[in-house]
Amino acid sequence: MKTIYSILFLVFALSLSSCADLDLYPLDTGSSDSWYKTEEEVKASISGLYRADFFPIDGEHWTDNHQSRDRLNDFTAATLNGETWDVKTRWQNAYKSIARCNILLNKLATPAEIGISEEKAELYRAQVLFVRATQYGILTSCFGDVVWVDSEISIDDAFTMGRTDREEIMEKVYADYDRAAAALPLSYGTQQELATKSAALALKARYALYNEDWDIAAKAAKDCMDLGCNELYPDFGELFLATTHHAKENLLSWPYSLELGIHSESEGNIQGYSPRNRGGYASEYPSWDLFASYLCTDGLPIDESPLFNPQKPFENRDPRCAYTIVEFGTEHCGVIYDPNPKVTEVYNSISGKYVTNLDCKSGSQYASYNGLLRKKGVDESYINGGSWKVAYDRVFVRYAEVLLTYAEAMIEQGKIDKSVLDAINMVRARAYKVDYNNGAAYPKVVTTDRDKLRSIVRVERRMEFAYEGLRRMDIIRWRIADKVLNTPDYGLLDKDALVSKLVDKNLWFWPETPQIDENGTPDFSPIYNQGLCRIVTRRQFDASKNYLWPIPSQEVITNPYLGQNDNY
């Protein structure tokens, strides 16, 4: 059979039983002629819609939160194009999912033929509408205007459909989420990972926020908050560990299981996050930009707080700093972590002995290039006896995002009241493990100034959601990507210079405090200009085009009616 490239053709082809040789039907979805005959087949097909491939999470390495030694990627080198793997895969997977949703919705239009009640059919429709709405939320966030398909289409239509305005699509997305939320339950009473009412409202709020539909975002978030069944997990650091499964805060997640042979990431990725003192690569780690963005315990940025000491950069910081980045001189994965090049031996509590410090430049030239190491979610389970297999829950949306979405959407509308401050303070107080009403126990937000609150919520999101895939869309929608991704990645000097210029002069770790802007972004150029740090990579972002992704090249070639986004 002739190879079919266009994903829009695939939307049509999914309805044809003769296309089985294209491997379009996984085990959970047969052809439309032979499948969907029973309720069990419908349920299996719906479960197939909730596979993780259809709910992609943006890479942290696409942002200013992360470094990968001296490597850039298409997002940080401004080389994104229609052949980029992530571009093609995201488009294709979304439309595969949409095609299957449309077929299911068509079959569910006549539930009597399947032998189910109208009430049961509406629940199943809600689960499918939730998935379809999410696919379009993902697509519009990446590509802007995309093709709207809500039914099975003919082959002629498949090759002649153009793109629909993003605003028009989002109106349909909101309607799908509303219908889904009306029929979905608060819980399934089991650990089954399907959409709930909370998840539908949370993602409606997310994509409304991404589209600056502030009133819709605020209402959806508030409706989710008012359900009364959602809560923050009490321990921020524990929330992300592999030992924590099915946390109530997680509104849509996928639990992985080593017993079932399903682990969360590739072994190479896991080693990249793990310390060299335990056999890891320490090749993937937080940026100085992220480290500098964490507030001090007085609620002030490091360039304003009298509590900050650049030679002791973890002291007096928001607790999420040390939950996300390994604090120097503390035990991590059984070994003391210290990137100071003069600390040539560190204590290994597993062996009970001091060992060569491979996580500093004296011990290894490949130690973290900026001295930092990720801690969020990383513990002994990552090493796992040297197998580098870990099974943590893959979280797509959690309740903390709902609270900060509500706050941001209300702030942008100028509707600032106690509920806005409470939403921010609930998230912040949880990091300190205190009740948000106890203002003496944490830096409670009390200002009602709109500009100050805008800055506060942006920094709060960065501290709260690092390594959860939300940073890329934050810098895109705030239109600051051209600033934060056109600055260098900074790191440590080579060993001898590091010792002579910083350590021996008591200027380790940072020789001075960087200035922080209103978005929580630091400026390390004065330190670099003094020769006290080095540029590891030079990130790039082309504001003339990179705020949107290109339409995949083969899609444009196959269907010229799609057009292409500007300057690609």
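Just the heavy atoms: all of them, side chains too, but no hydrogens, waters or symmetry mates, feed the values below.
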Say whether [X] and [Y], considering side chains only, have a donor N or O and an acceptor N or O under 3.5 Å apart.
| X | Y | result |
| --- | --- | --- |
| Ser364 | Arg276 | yes |
| Arg430 | Asn425 | no |
| Glu265 | Trp388 | no |
| Asp449 | Thr447 | no |
| Tyr490 | Ser525 | no |
| Tyr369 | Asp489 | no |
| Glu284 | His61 | no |
| Tyr399 | Glu249 | no |
| Thr79 | Asp74 | yes |

Is it possible for you to check whether [X] lies under 6.0 Å from the centre of the six-membered ring of [Y], through NZ or CZ, and within 45° of that ring's axis?
| X | Y | value |
| --- | --- | --- |
| Lys219 | Tyr406 | no |
| Arg394 | Trp254 | yes |
| Arg479 | Tyr547 | yes |
| Arg374 | Tyr467 | yes |

(message) Pair Arg454, Asp451 - check salt bridge (charged side-chain N to carboxylate O under 4.0 Å, His left out), show working.
(response) CA-CA 5 Å; Arg454 178 182 288 120; Asp451 289 338; 3.1 Å; yes

(message) Go through it in stages, so that I can follow the logic: the residues are Phe524 and Trp288, the test is ring pair (Phe, Tyr, Trp, His ring centres under 6.0 Å), and I'd like the CA-CA distance, side-chain angles, deciding distance and then a yes or no.
(response) CA-CA 9 Å; Phe524 288 101; Trp288 280 7; 5.2 Å; yes

(request) Before giving the answer on ring pair (Phe, Tyr, Trp, His ring centres under 6.0 Å), spell out for Tyr177 and Tyr174 the whole-Å C-alpha distance, their side-chain angles and the decisive distance to 0.1 Å. (result) CA-CA 5 Å; Tyr177 276 133; Tyr174 301 146; 7.7 Å; no

Could you tell me which non-hydrogen atom of [X] sits nearest to which non-hydrogen atom of [Y], and how far apart they are?
| X | Y | result |
| --- | --- | --- |
| Ala199 | Leu251 | CB-O, 3.6 Å |
| Ala133 | Asp176 | CB-CB, 3.9 Å |
| Asp318 | Ala431 | OD1-CB, 4.2 Å |
| Ala52 | Tyr256 | CB-OH, 3.8 Å |
| Gly520 | Pro522 | O-CD, 3.7 Å |
| Gln135 | Asn93 | OE1-O, 4.4 Å |

Checking [X] now: which residues fulfil side chain to side chain contact (heavy atoms under 4.5 Å, CB included) with it, not counting sequence neighbours?
| X | answer |
| --- | --- |
| Asn519 | Arg458, Ile480, Asp517, Thr521 |
| Asn486 | Asp482, Gln540, Phe541 |
| Glu327 | Phe314, Ala322, Thr330 |
| Pro56 | Arg90, Ile138 |

(message) Please determine whether a side-chain nitrogen of the Lys or Arg among Glu468 and Arg461 lies less than 4.0 Å from a carboxylate oxygen of the Asp or Glu.
(response)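 Salt bridge absent between Glu468 and Arg461.
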
Are the side chains of [Y] and [X] in contact, using a 4.5 Å heavy-atom criterion?
| X | Y | answer |
| --- | --- | --- |
| Arg132 | Asp150 | yes |
| Glu412 | Arg450 | yes |
| Ile516 | Ser293 | no |
| Phe130 | Leu194 | no |
| Phe396 | Leu203 | yes |
| Asp289 | Arg462 | yes |
| Gln564 | Lys545 | no |
| Ile302 | Pro514 | yes |

(message) Determine whether Asp178 and Lys204 satisfy the following criterion, salt bridge (charged side-chain N to carboxylate O under 4.0 Å, His left out), listing intermediate values before the conclusion.
(response) CA-CA 8 Å; Asp178 286 342; Lys204 179 185 178 184; 2.5 Å; yes

(message) Does Arg538 have more than 12 heavy atoms from other residues, nucleotides or ligands lying within 6.0 Å of its CZ?
(response)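 Open: at most 12 neighbouring heavy atoms sit under 6.0 Å from CZ of Arg538.
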
(request) Classify the ring geometry between Tyr95 and Trp91 as parallel (under 30°), tilted (30 to 60°) or perpendicular (over 60°). (result)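 Tilted, since the angle between the ring planes falls between 30° and 60°.
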
(message) What verdict does the salt bridge (charged side-chain N to carboxylate O under 4.0 Å, His left out) test give for Glu83 and Lys88, after you've listed the backbone C-alpha separation in whole Å, the side-chain angles of each residue and the deciding distance to 0.1 Å?
(response) CA-CA 7 Å; Glu83 294 299 308; Lys88 294 189 292 184; 3.8 Å; yes

How many angstroms lie between [atom1] in [X] and [atom2] in [Y], if you round to the nearest 0.5 Å?
| X | Y | atom1 | atom2 | answer |
| --- | --- | --- | --- | --- |
| Glu401 | Leu209 | CD | CG | 8.0 Å |
| Phe75 | Arg472 | CZ | CZ | 6.5 Å |
| Asp165 | Glu167 | CG | CD | 6.0 Å |
| Ser253 | Phe55 | OG | CZ | 11.5 Å |
| Ile216 | Met170 | CD1 | CE | 8.0 Å |

(message) Could you check whether Trp549 and Tyr568 have their ring centres less than 6.0 Å apart?
(response)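 No; Trp549 has its ring centre 6.0 Å or more from that of Tyr568.
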
(message) Looking only at the aromatic ring of each residue, does the gap between the centers of Trp510 and Phe291 stay below 6.0 angstrom?
(response)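 Ring centres of Trp510 and Phe291 closer than 6.0 Å.
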
Would you check if the side chain of [X] reaches a backbone N or O of [Y] as a donor-acceptor pair within less than 3.5 Å?
| X | Y | answer |
| --- | --- | --- |
| Thr558 | Glu555 | no |
| Ser68 | Arg71 | no |
| Ser287 | Asp64 | yes |

(request) Using the test salt bridge (Lys or Arg N to Asp or Glu O under 4.0 Å), find all partners of Glu267 that sit at least two apart in sequence or belong to another chain. (result)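 Listed in chain order: Lys389.
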
(request) Sequence neighbours left out, what passes side-chain hydrogen bond (donor to acceptor under 3.5 Å, both in side chains) with Glu60? Give chain and number order. (result)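 Here the qualifying residues are Asn65.
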
(message) Checking Arg398 against Asp393 for the salt bridge (charged side-chain N to carboxylate O under 4.0 Å, His left out) test, could you report, in this order, the C-alpha distance in whole Å, the side-chain angles of both residues, the deciding distance, and whether it holds?
(response) CA-CA 12 Å; Arg398 60 185 177 91; Asp393 284 6; over 6 Å; no

(request) For side chain to side chain contact (heavy atoms under 4.5 Å, CB included), just list the numbers for Trp148 and Lys172, CA-CA rounded to whole Å, side-chain angles, deciding distance to a tenth of an Å, and then say yes or no. (result) CA-CA 9 Å; Trp148 172 261; Lys172 300 174 188 293; 3.2 Å; yes

